[in-house]
There are 4 protein chains.
Amino acid sequence: MAKSRFEYVKQFERENFLLPQTHIVIRVDGKGFHKFSEAYGFEKPNDARALAVMNRTAQTMMEQFPDIVMSYGDSDEYLFLLRKDCELFERREMKLISTFASFMSVNYVMHWNAEFSDNQIRKERLPTFDARAVVYPNSGIVRDYFSWRQVDCHINNLYNTAFWGLIQKCNMTRQDAENKLKGTLSKDKNEILFTKCGINYNNEPEMYKKGTVIVREYENWKHEERDMSSRQKQRNEKMRKNAAIVVSHVDIINDDFWIKRPWVLA
Amino acid sequence: MAKSRFEYVKQFERENFLLPQTHIVIRVDGKGFHKFSEAYGFEKPNDARALAVMNRTAQTMMEQFPDIVMSYGDSDEYLFLLRKDCELFERREMKLISTFASFMSVNYVMHWNAEFSDNQIRKERLPTFDARAVVYPNSGIVRDYFSWRQVDCHINNLYNTAFWGLIQKCNMTRQDAENKLKGTLSKDKNEILFTKCGINYNNEPEMYKKGTVIVREYENWKHEERDMSSRQKQRNEKMRKNAAIVVSHVDIINDDFWIKRPWVLA
Amino acid sequence: MAKSRFEYVKQFERENFLLPQTHIVIRVDGKGFHKFSEAYGFEKPNDARALAVMNRTAQTMMEQFPDIVMSYGDSDEYLFLLRKDCELFERREMKLISTFASFMSVNYVMHWNAEFSDNQIRKERLPTFDARAVVYPNSGIVRDYFSWRQVDCHINNLYNTAFWGLIQKCNMTRQDAENKLKGTLSKDKNEILFTKCGINYNNEPEMYKKGTVIVREYENWKHEERDMSSRQKQRNEKMRKNAAIVVSHVDIINDDFWIKRPWVLA
Amino acid sequence: MAKSRFEYVKQFERENFLLPQTHIVIRVDGKGFHKFSEAYGFEKPNDARALAVMNRTAQTMMEQFPDIVMSYGDSDEYLFLLRKDCELFERREMKLISTFASFMSVNYVMHWNAEFSDNQIRKERLPTFDARAVVYPNSGIVRDYFSWRQVDCHINNLYNTAFWGLIQKCNMTRQDAENKLKGTLSKDKNEILFTKCGINYNNEPEMYKKGTVIVREYENWKHEERDMSSRQKQRNEKMRKNAAIVVSHVDIINDDFWIKRPWVLA
């Protein structure tokens, strides 16, 4: 196509190529999901069906982007870990995060409408997400990042379970429940839940306590060599596409999960 | 909430605050819209209803984000110009572009499904967008940026109109039409269109030839002062929210459009 | 030259091209100049000969880099304003600031040793500088930046003049002088200087009160066009190299300075 | 100090904090050292005294910056590897590179003038350096980076030795020498050197063939823990300052060098 004299404006574009050989984590966060959950009548403290929609959305993302090796979600947030050698969009930050935010949103709409046939998404309150990318230079820090989120999930869920327990079982007002919990430690909250609400926190569903882990499971994984032939690369690409995508609600703070799946941080 | 020993991982986050006092343009582009248009049976060379969906989507974006003063769209792309003083998300690039990509996508789904009740969005082929932000230090370059896109719209549409004219009116194959047009200038394409296909390009719809311009129209606009009181700022914020959002298909290369709307580049 | 298999490490390099059509200010700051001034026995509050070394250093920089249109210095800092169209090092930030820091340092050593033949630079205490680049989208903000520095120069010099006046004329200790000045306004300091030290601040040298302004003065300046021929560009390049470089200690907060020299912010 | 209304200009400053837990390499390059070497009459192909000045300069840098664990130099370039946990200037890129460029330049001037009392640095031709920072996520890539430079040193030195050998021993013109070497492989150059110039390349000084390696040598090194007490940190800081700084001209491509010094990449 002919070039116009206006073409120079492209010189103002800036691109951030994420550092090679680092682990890219893309984190998506729901925008205003507090209001969203009210508008669509979420159950409190956790809405199992709405969480299932989030998890199916993330699973679909992993089908759509074979470079995602693992994801972790809790509440209205999801982390996607890309494999270290990932060259998706040449590692361009803006392409990566805007594409992830876009796919996340439309996948969510599709899964929501499939799940809630009588409570379809309305244009007055849309499920939208922002996204950010962070790069981590080594696998230890990636694990700490996931640990951080799982600890956070536990802390938030314990609080929310106690808070809503006091409201729903003991007929407290929100303000009273908040005051009751102010300054309490984990063990205090466990105690309150047990004695006041008759809830043994240990028996709460794993999905609420640990969040959701989705991982690409390989049967015959071999460490990728830097100098692979392009044919080997295609074979691996195919292997990634065909790998089972498995959902669970397990501990990812201890070593066990990672030792069994060396490819995640390879 | 308690802090865990893993919290240090936040130190790896990076943020790009877009330079203050510059014009931010956020450009969204449809991903794989060639395949999308095939999957949903777009008319060629232009599908008026699909373009209307894009335009309604952009209009909804302007309602949702009062900081957008103007937008311009053609084919599967849209530009959003934010007002120069815009402080949305503290001008954080990642927040801005991921949010815009997310809103664009879900708004598009909603408007599409409203328009095409018998051809709803299917999960196998979703409308997704990427987004990028570019900052321009002065209004002259912003105008050149919009001019660039409108010139591009014209060049592409003339080609596509001639290409599909040859196929649809003269029963040429795609390959023959491509060969016929290779190396032709604008006037040649106009000539071919007229003599071979009986189409006077000048009579083609303005929306196809010029793209779509959406602008926030103020009735009583006054230049904003840097040192406005916060009350004045609120009044302006309100004015922006209430301003009419007007769609047209006009020339934005010449001065006329801009002289009449001094607030766009203020 | 042959390429080795290690060459891939270059992919890790990152470059920041400063936004085109913005005003680049490079600011250099002396590192540890408090200790430097003690090691070489500077007179207090101002050492005229040491300041002259700084000013000659900046003037030499302007001879070495024709893209500098103006500089402003005070104490151990200097600002260099590059002309808006400057393409030096393709506007690469790292090249620009490391080169400026390097030239600043060696020029300073040369001028110092020329001025102080009996007090040569010693390897135990070297004059070094760091540098940063800031881009400003329009001329108004550039002026505010220079105003900020000149206001700062005034505030610091008034304080230092009063502080050292109390010590040198009234035999106060440093601690007493500090206490005396704590919480005082400008007019109080003027009053203290006059009544306690017999110093009329207005009569202090302009170099101390206003800092030093160095500007490239053109005789027959014409506004540069964006679409100049390369021959015209060479002529302008030559004009810049040959322009007189003039040192003064004048007000740069009011309009007068800038109106007389339209090329500085062109 | 009082704040002026101009202070807002600081908002335009941008800072790049280099990614934590990565290896920072700062590379300084002489600016226009071809002309510099002509102006000061360097011997060709290598000037032992000028190289000694470069090496002393780098050694002094290591004394001044205890965070440098190793450096490597050849011709007019030097690489400085900072320890992975380095927090110098909070890892701010602009501070780091401008400071390194500045120190490099003035140290060079001091060492040059000490070495060449009859050929002092003249203001018409100053030794200046630019600097860049690159971060590497793991130690393997850091080693590859150093290997790349040492291979480059070898390739350049072999060529230069052959080129100047043909000129100095065989009275060839520069053009003839260049033609003679065009398209030759390493073994051809070795052969030419031996048969035409009577030079056995293997007997050339190690400094020319391998460049210069400077390393901080610890006697009783222990791996640093992430969660060290601040007292331990101070002890380590002291250890770093007191460690011997040892210059050699050894192979750094093979494992031996690195295995013996685990602290370099720790």
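A quick note: this is a predicted structure, and the numbers were derived from the prediction, not measured. Here is how names work: the chains are called A, B, and so on, in the same order as the sequence lines, proteins then strands, and each is numbered from 1. Below, all heavy atoms of this structure are taken into account, side chains as well, without hydrogens, waters or symmetry copies.
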field: Contact origin within B:I253 toward chain A - heavy atom pairs under 4.5 Å
entry: side chain
message: Nearest 0.5 angstrom please: A:F103 CZ to B:L126 CG, how far?
response: 7.0 Å
field: For B:V9 against A:Y145, the heavy-atom pair lying closest together
entry: CG2-CD1, 3.4 Å
- prompt: Which answer fits B:R143, side chain, backbone, both or neither, if we ask what part of it has an atom under 4.5 Å from a heavy atom of chain A?
  reply: neither
task: Heavy-atom distances under 4.5 Å only: say whether B:I97 touches chain A with side chain, backbone, both or neither.
output: both
- prompt: Closest approach of A:M110 and B:R122, non-hydrogen atoms and distance?
  reply: CE-C, 3.8 Å
message: Take a 6.0 Å sphere around NZ of B:K209 and say whether it holds more than 12 heavy atoms from other residues, nucleotides or ligands.
response: yes
task: Among A:F12, A:F100, A:F146, A:Y108, single out the residue with the greatest number of heavy-atom pairs under 4.5 Å to chain B.
output: A:F12
message: Does atom NZ (B:K123) have a neighbourhood of more than 12 heavy atoms from anything else shown, all under 6.0 Å?
response: no
- prompt: Between atom CD of A:E7 and atom CG of B:D152, what is the distance when rounded to the nearest 0.5 Å?
  reply: 7.0 Å
task: First locate atom CG of A:N113, then atom CD1 of B:I121, and finally report the distance between them rounded to the nearest 0.5 Å.
output: 12.0 Å
query: Is there a side chain to side chain contact (heavy atoms under 4.5 Å, CB included) between B:Q150 and A:F6 once you walk through the steps?
result: CA-CA 10 Å; B:Q150 195 167 53; A:F6 304 118; over 6 Å; no
- line: d(A:R14 CZ, B:E93 CD) to nearest 0.5 Å is 11.0 Å
- prompt: What part of B:V135 gets closer than 4.5 Å to chain A, counting heavy atoms only: side chain, backbone, both or neither?
  reply: backbone
- prompt: Could you state the interatomic distance from NZ (B:K95) to NZ (A:K31), rounded to the nearest 0.5 Å?
  reply: 4.5 Å
- prompt: Side chain, backbone, both or neither: which part of B:V106 has a non-hydrogen atom closer than 4.5 Å to chain A?
  reply: both
Heavy-atom proximity to chain A below 4.5 Å, by part of B:F89: side chain
- prompt: Is the closest side-chain heavy-atom distance between B:E15 and A:R132 below 4.5 Å?
  reply: no
- line: Shortest non-hydrogen pair, A:S98 vs B:A101, comes out as O-CB, 3.3 Å
query: Just by distance, with hydrogens left out, do A:T128 and B:S102 show a side-chain donor and acceptor under 3.5 Å apart?
result: no
